[in-house]
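Values in this document were obtained by computation on a predicted structure and should not be read as measured data. Letters go in sequence order (proteins before strands), and every chain restarts at 1.
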Protein chains: 2
Amino acid sequence: MGGRRSGIGESQIVETLRAHPLFRGVPLEDLMELIRAGTWRTWPAGHFLFLEGDSAEGLYVLLEGYVKVIQTDAAGQEAVVQMAGPGEPLGLIALFADQPYPASAQTMAPCRTLWIPGAVFREFLLQHPAVALRILHLLAERLHEAHRRLLEVSVLRVERRLARVLVRLAGRLGRRTAEGIELALPLSREELAELCGTRLHTVSRLLNRWQRAGWVRLGRRRIVLRQPHALVALAEELEGPRGLGS
Amino acid sequence: MGGRRSGIGESQIVETLRAHPLFRGVPLEDLMELIRAGTWRTWPAGHFLFLEGDSAEGLYVLLEGYVKVIQTDAAGQEAVVQMAGPGEPLGLIALFADQPYPASAQTMAPCRTLWIPGAVFREFLLQHPAVALRILHLLAERLHEAHRRLLEVSVLRVERRLARVLVRLAGRLGRRTAEGIELALPLSREELAELCGTRLHTVSRLLNRWQRAGWVRLGRRRIVLRQPHALVALAEELEGPRGLGS
DNA sequence: CGGCTCATTGACTCAGCTCAATATCGGTGG
DNA sequence: CCACCGATATTGAGCTGAGTCAATGAGCCG
């Protein structure tokens, strides 16, 4: 799988890590130890940091770029379990649950990562319990998010789920343009489908319906929200069993 | 909400906690501090330890009994997010993400809990990073489980999801009887439905179909798996888009 | 230009939801 | 002990959201 050790000096990594909220307050020399034990890499878009089932020897910290984390079932059906952006650690589950990677991580854009051997990182956490608490914070939030999505997939219709996914993505990765909010990273219809637990056809149909209504503008791997409020309304609207009609 | 401070002596709690894998290796006197800062309670079945949205001042450790953790959406639809058994901590997300409880916890049977103030527990973790690592382990496993369920709900049919839920429950809470494996705690059809993201009607229909096939025997809040292998087969069987027929 | 990936759209099907009615269990009070 | 009640469960009928199958279209790269 792609990725080369890069020649760029350490100073840049050091600065990135020092600025990282996870490592706030950690003495510089302890950080240096982490960095020296680890490996810095760059990745082109579309490559896999790791595959579901790979044995996990360490942790990735995504310094730059975007990665999607995918879970696959026995028959090859996929669900996007997480969209990770700059600063996020990847491979936490494998590291702490002490098992092979439970999902695959694929770069969506050119990325830079720092890889840290698991044993080193665990030792580091024992020395820096405050950082452990921050990771607990992070995992707790991810768990919360997963529960929320579980509820949504169990209870909401696709239309509403898709609206929510778009609104959330726009919030996290939206770029303001003259026309509206444009999603900064290019997602295919299929990836969108995997994000909301449906099929690309259904996504395509819904998006085009919304385009006809003037709510969005579509392109190849490109979506602009022209009337975000409409989508928000759709996303939040109350819906008991048997909706209130649209 | 029910629950009274119980009069039973501390010695029993101490023993329970000392035997708890989470606290292995912790000096007795540190444990005592936790216990003294905390509160021991018993709960009848059907009561709520906490409700979604309540502000969270601490952590529950479930010493005995079973609790279901429920997430509710704006329209009142519910999903069971977790079934907790003896030994499991509850309220971790609220504690670490520093937010109100993101879900409600309802006792399914008479329960005993130890409640520990959040600040005390956080301080305790700073003193005992090894315990923090174990909690990381626990959260990592829960996250993994949540991701697995997310994939299942996104990709599998109800029939298969229900089969999986039953098989898993039987594994965790099954009691061997002459007739087969009986689920130890009484779940209504509706609760089962909330566990696999469907409606009670669908659960009822499927279960009765299986009963006719001799795979299960049903009662009011009671299920006996008479031919677990049949359910396992159904649960694991490959299923591409458009199944292979039953 | 040819070939690729990505996207759209139509036609058909059906799993599972909704709506509605009835049945059964278990407990409670007369 | 029986009558009654609420909670739980079963079952039917009908509808529809969304999946499947299939074909075509459109953008992009070598």
Any side-chain heavy-atom pair of B:Thr16 and B:Leu114 under 4.5 Å: no
So which one's nearest nucleotide on DNA chain C is more toward 5', B:Arg220 or A:Leu207? A:Leu207
Would you compute the distance between atom CD of A:Glu78 and atom CD of A:Glu190 and round it to the nearest 0.5 angstrom? 7.5 Å
DNA chain D: B:His201 or A:Thr202, which has the more 5' nearest nucleotide? B:His201
Is the phosphate of C:dT9, meaning OP1 or OP2, less than 4.0 Å from a side-chain N or O of A:Asn208? yes
In whole Å, what is the span from the CD1 atom of A:Ile223 to the P atom of C:dA7? 9 Å
For B:Gln82, run the side chain to side chain donor-acceptor pair (under 3.5 Å) check against B:Gln71, B:Glu145, B:Glu88, B:Lys68 and tell me which one passes. B:Glu88
Is there side-chain contact between B:Arg217 and B:Arg222, with heavy atoms separated by less than 4.5 Å? yes
Within a strict 4.5 Å, meaning less than it, do heavy atoms of the A:Thr42 and A:Glu64 side chains meet? no
Between P of C:dT8 and CZ of A:Arg221, the distance in whole Å: 13 Å
Interatomic distance, B:Glu191 CD vs D:dT8 P [rounded to whole Å]: 8 Å
Name the nucleic acid region contacted by A:Leu200, choosing base, sugar-phosphate or nothing; use a 4.0 angstrom heavy-atom cut-off, strictly under. nothing
Return the CZ to NE2 distance between B:Arg142 and B:His147, rounded to the nearest 0.5 Å. 14.0 Å
Nucleotide of C:dT8, D:dT10, D:dG6 approaching A:Ser204 most closely (side-chain heavy atoms): C:dT8
Measuring from B:Glu182:CD to B:Leu185:CG, what's the distance to the nearest 0.5 Å? 10.5 Å
By nearest-heavy-atom nucleotide on DNA chain C, the more 5' of A:Gln211 and B:Leu206 is A:Gln211
D:dG12 base / B:Arg205 side chain donor-acceptor hit below 3.5 Å: yes
Out of D:dA9, D:dG19, C:dA7, minimum distance to the side chain of B:Arg189 belongs to D:dA9
Separation of D:dA18 C1' from A:Glu159 CD (nearest whole Å): 12 Å
Taking OP1 and OP2 of C:dT9, is either one under 4.0 Å from a side-chain nitrogen or oxygen of A:Arg212? yes
Nucleotide C:dA15, atom P - distance to CZ of B:Arg209 in whole Å: 9 Å
Axis-to-axis angle for the helix from C:dC1-D:dG30 to C:dG30-D:dC1, ends of five pairs each, to 10°, equals 30°
Candidate list B:Arg157, B:Arg164, B:Arg161, test side chain to side chain donor-acceptor pair (under 3.5 Å), partner B:Glu152, passing option: B:Arg164
Listed nucleotide nearest any side-chain atom of B:Thr198, set C:dC17, D:dA18, C:dA7: C:dC17
So, does the side chain of A:Arg199 form a donor-acceptor pair with the base of D:dA18 at under 3.5 Å? no
Atom CZ of A:Arg222 and atom P of D:dA26 are separated, to the nearest Å, by 18 Å
In whole Å, I'd like the distance from the CZ atom of A:Arg157 to the P atom of D:dA18. 6 Å
Rounded to the nearest Å, what distance is computed from the CG atom of residue B:Leu156 to the C1' atom of nucleotide D:dG19? 14 Å
